[in-house]
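Here is the structure we will look at.
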Protein chains: 2
Amino acid sequence: MSNNNEYMSLKLENQLCFPLYACSREVVKQYRPFLDELNLTYTQYITLMVLWEEKQICVKKLGEKLYLDSGTLTPVLKSLETKGYVTRQRSKDDERLLLVEITEQGEKLRELAKTVPTRVGCSIKLSSEEAMTLYNLLYKVLDGMK
Amino acid sequence: MSNNNEYMSLKLENQLCFPLYACSREVVKQYRPFLDELNLTYTQYITLMVLWEEKQICVKKLGEKLYLDSGTLTPVLKSLETKGYVTRQRSKDDERLLLVEITEQGEKLRELAKTVPTRVGCSIKLSSEEAMTLYNLLYKVLDGMK
DNA sequence: TGTAATTAAATTGAACTCAATTAAATTATA
DNA sequence: TATAATTTAATTGAGTTCAATTTAATTACA
């Protein structure tokens, strides 16, 4: 009798990756109306989230936190600079490093953004226990991969 | 005493969306070496996965399954057509519908692709119970959003 | 010291994603 | 039946993502 496991696993629903991919995009989509109000994209928003905590950080470290590389971050940071939310300048100690720093205007944006998570949270229909479980499993996958 | 919950929730780690977004991209990245062998992108691959099950489907229905719209699918389907894996033709019954059908060559690719899930699965360091829990929670979020 | 190796960011090019718009076909209804 | 509303794909444009390459700076070490 033939073994169908491999063929079975080629079903969309049988792979973890697909719901992960679809769910990620759908949840990011929930942010849009709220981020539109702030004239921010999701990528710009999470970049600012790091800077609201760190004040100053180089592109490399920022990329490690966001799992993004300079190919993605360079245009995002230039755009945030144009909007007046960050400054970009080379480190005096090591000219290879580009230091990104939040501006006063960028700090102010935090006040306007602070209700976003709660508002988006409403469309994620999980109990806090389920959300915690999901959160932990996602980081387990993420940590297990590096 | 002031309430800091809203500020707290602006931390990257405090939102479910970020690990979802990062995890999705990292897991998709794991597919690359295997899909490179087949000269397929991830989006092309999941499109074929649907067609391996359905044989024929219109763009609308395909988009519902993949959570993608024609803006994304049209170029993907044209590319798969160029590679000889699918055909695209308007429905006789309703000229608005574009019917996508798997070709014999597309069917053959399934044989080559069948080991991909198992090979990628190795880099997801979860027990089968954890994987099932994660899977169910992702679909709960996804289903709760439509 | 001088050269090689490494590191950080920018750039390039291909592909994806999505919102908004357009065009064509179909369906509903006045 | 004629017109209006709806539906389906395609198109457009902005922004993202990533691999690969390039450039400049720093570090390692012969």
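Here is the naming used below: chain letters follow the sequence lines, and residue numbers restart at 1 for every chain.
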Quiz prompt | Set of residues satisfying salt bridge (charged side-chain N to carboxylate O under 4.0 Å, His left out) with respect to B/K55, sequence neighbours excluded | solution = B/E107
Self-check item: Atom-pair distance (CD1 on A/I57; C1' on C/dA9), nearest Å
Solution: 15 Å
Quiz item: So where does chain B start and stop touching DNA chain D, 5' to 3', when the test is distance under 4.0 Å to a non-hydrogen atom?
Solution: D/dT7 to D/dA19
Practice problem: Could you list the residues that satisfy side chain to side chain donor-acceptor pair (under 3.5 Å) with B/S127, not counting sequence neighbours? | Solution: B/E130
Practice problem: Using atom CG of B/L66 as one end and atom C1' of C/dT17 as the other, report the distance to the nearest whole Å. | Solution: 13 Å
Self-check item: Within residues 29-38 of chain A, residues whose heavy atoms come under 4.0 Å of DNA chain C
Solution: A/K29, A/R32
Quiz item: Does any non-hydrogen side-chain atom of B/Y67 lie less than 4.5 Å from one of B/L142?
Solution: yes
Self-check item: Rounded distance in Å - CG (B/L62) to P (C/dC16)
Solution: 13 Å
Quiz item: If you take atom types as modelled and just measure distance, does the side chain of A/S70 reach the base of C/dA8 with a donor-acceptor pair under 3.5 Å?
Solution: no
Exercise. Under the side chain to side chain donor-acceptor pair (under 3.5 Å) rule, collect the residues that match up with B/D94, sequence neighbours excluded.
Key: B/R96
Quiz item: A/T72 or A/R25: which one's nearest nucleotide on DNA chain C is closer to the 5' end?
Solution: A/T72
Could you pull out every donor-acceptor pair under 3.5 Å between side chains of residues 57-64 of chain B and any protein atom, sequence neighbours left out?
from, atom 1, to, atom 2, distance (Å)
B/K60, NZ, B/E64, OE2, 3.4

Self-check item: Contacts of B/E95 that satisfy salt bridge (charged side-chain N to carboxylate O under 4.0 Å, His left out) - sequence neighbours left out
Solution: none
Exercise. Would you please name every residue forming a salt bridge (charged side-chain N to carboxylate O under 4.0 Å, His left out) with A/K125, sequence neighbours left out?
Key: none
Self-check item: Main-chain N/O of B/G106 paired to B/W52 side chain as donor or acceptor, under 3.5 Å
Solution: yes
Quiz prompt | Side-chain donor-acceptor pair present, B/S79, B/Q44, cut-off under 3.5 Å | solution = yes
Quiz item: Below 4.5 Å, heavy atoms only, C-beta onward: do A/V141 and B/L126 meet side chain to side chain?
Solution: yes
Practice problem: With sequence neighbours left out, write down each residue that passes side-chain contact (heavy atoms from CB on, under 4.5 Å) with A/K78, or none if nothing qualifies. | Solution: A/T74, A/R88
Quiz prompt | Under the ring pair (Phe, Tyr, Trp, His ring centres under 6.0 Å) test, residues paired with A/F34 that sit two or more places apart | solution = none
Quiz prompt | Cationic N near anionic O, under 4.0 Å, B/R119 to B/E37 | solution = yes
Self-check item: Close approaches to DNA chain C from residues 76-97 of chain B, in residue order (heavy atom, under 4.0 Å)
Solution: B/V76, B/D93, B/D94, B/E95, B/R96
Quiz item: To the nearest 10 degrees, how far apart in direction are the end axes of the helix from C/dT1-D/dA30 to C/dA30-D/dT1, each fit to five base pairs?
Solution: 10°
Exercise. Using a cut-off of strictly less than 4.0 Å, decide whether A/Y21 has a side-chain nitrogen or oxygen near OP1 or OP2 of C/dT17.
Key: yes
Exercise. Classify the nucleic acid contact of B/L73 as base, sugar-phosphate or nothing, counting any heavy atom under 4.0 Å across all strands shown.
Key: nothing
